[in-house]
Amino acid sequence: MLQKMTGSKFITFEGIDGAGKSTHIAWFVDTLRQKGEVLLTREPGGTPLGENLREMLLNYPMHPETEAMLMFATRLEHVEKVIKPALQQGIRVVSDRFSDASFAYQGGGRGVNMDKLEQLEHWVHGDLQPDLTLLFDLPVEIARQRLSNNLTLDRFEQEKSNFFERVRQAYLKRSQQFPQRFVLIDATKTPDKVKEKLEEIILTHC
Ligand code: TYD
């Protein structure tokens, strides 16, 4: 559980595909706006260049290390041009994914060396970490069932269950490594129950 009770300014949403984070993030941001200005952004993306690179990252096959470096390249642009300027103006920033996704997907899922990812992280945002990370966690099979309703699946969503199992485990390991900023959300719960949990988090941590 988080030690810090209020004041989180940079908040990230994470979880495997199909965990439901995108459904909840809009509601979370609308509710958080009662406390002041909030910027909602996402990765890969968040800048015009980043959104173009997102298209490539989600659709073009590439070497896992190319994928990792492109994720961090879009992140550098995002951090410098969007996230830091907003935080400096006292605006809260909520990002749909950030570096934990690179450790989970490229590190856990694709097997890219974690030390190399740490070097990229240090290079790109050595001086900035999220204050609060909400990890939407659920068994892979339930996430897969939810994804099966989607008409089109991107390059990541088309991966097999064992890929997502590795991604999930890497996320859980990150949450144990950084317990001061991670909060686990049980994403098997109904949308209403998840909202209740998010409401409580806004009251206590934001
Ligand atoms: P996602 O955030 O799930 O968007 P949508 O809800 O529109 O599908 O999709 C982004 C995908 O990018 C997701 O499958 C995870 C992947 N990803 C990485 O592999 N590494 C990263 O560093 C980031 C930010 C995302």
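Residue numbers count from 1 along this sequence. Numbering of ligands and ligand atoms starts at 1, following listing order.
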Next item on the list: Please determine which of V93, L132, V38 meets the side chain to side chain contact (heavy atoms under 4.5 Å, CB included) test together with I11.
Entry: L132

Any protein N or O within less than 3.5 Å of an N or O in ligand 1? List each pair with its distance, or say none.
from	atom 1	to	atom 2	distance (Å)
ligand 1	2 (O)	K21	NZ	3.3
ligand 1	2 (O)	R97	NE	2.8
ligand 1	3 (O)	D17	OD2	3.3
ligand 1	3 (O)	R97	NH2	3.1
ligand 1	4 (O)	R54	NH2	3.2
ligand 1	6 (O)	S22	OG	3.3
ligand 1	7 (O)	R54	NH2	3.2
ligand 1	8 (O)	E157	OE2	3.2
ligand 1	14 (O)	D17	OD1	3.0
ligand 1	14 (O)	D17	OD2	3.0
ligand 1	19 (O)	Q106	NE2	2.9
ligand 1	20 (N)	Q106	OE1	2.8
ligand 1	22 (O)	R75	NH2	3.0
ligand 1	22 (O)	S102	N	3.2
ligand 1	22 (O)	S102	OG	2.6

Notebook entry, point to check: To the nearest 0.5 Å, what is the distance between NZ (K9) and CD (Q88)?
Noted result: 14.5 Å

Margin query: Is it the case that atom NZ in K35 sees more than 12 heavy atoms from other parts of the structure closer than 6.0 Å?
Written below: yes

Review item, side-chain donor-acceptor pairs of residues 21-32, under 3.5 Å, at least two apart:
from	atom 1	to	atom 2	distance (Å)
K21	NZ	D96	OD1	2.5
T31	OG1	W27	O	2.8

Could you tabulate the donor-acceptor pairs under 3.5 Å formed by side-chain atoms of residues 123-130, not counting sequence neighbours?
from	atom 1	to	atom 2	distance (Å)
H125	ND1	L128	O	2.7
H125	NE2	S99	OG	2.6
D127	OD2	K84	NZ	3.1
Q129	NE2	E121	OE2	3.0

Item checked: Pairs touching residues 142-152 that satisfy side-chain hydrogen bond (donor to acceptor under 3.5 Å, both in side chains), sequence neighbours left out -> none

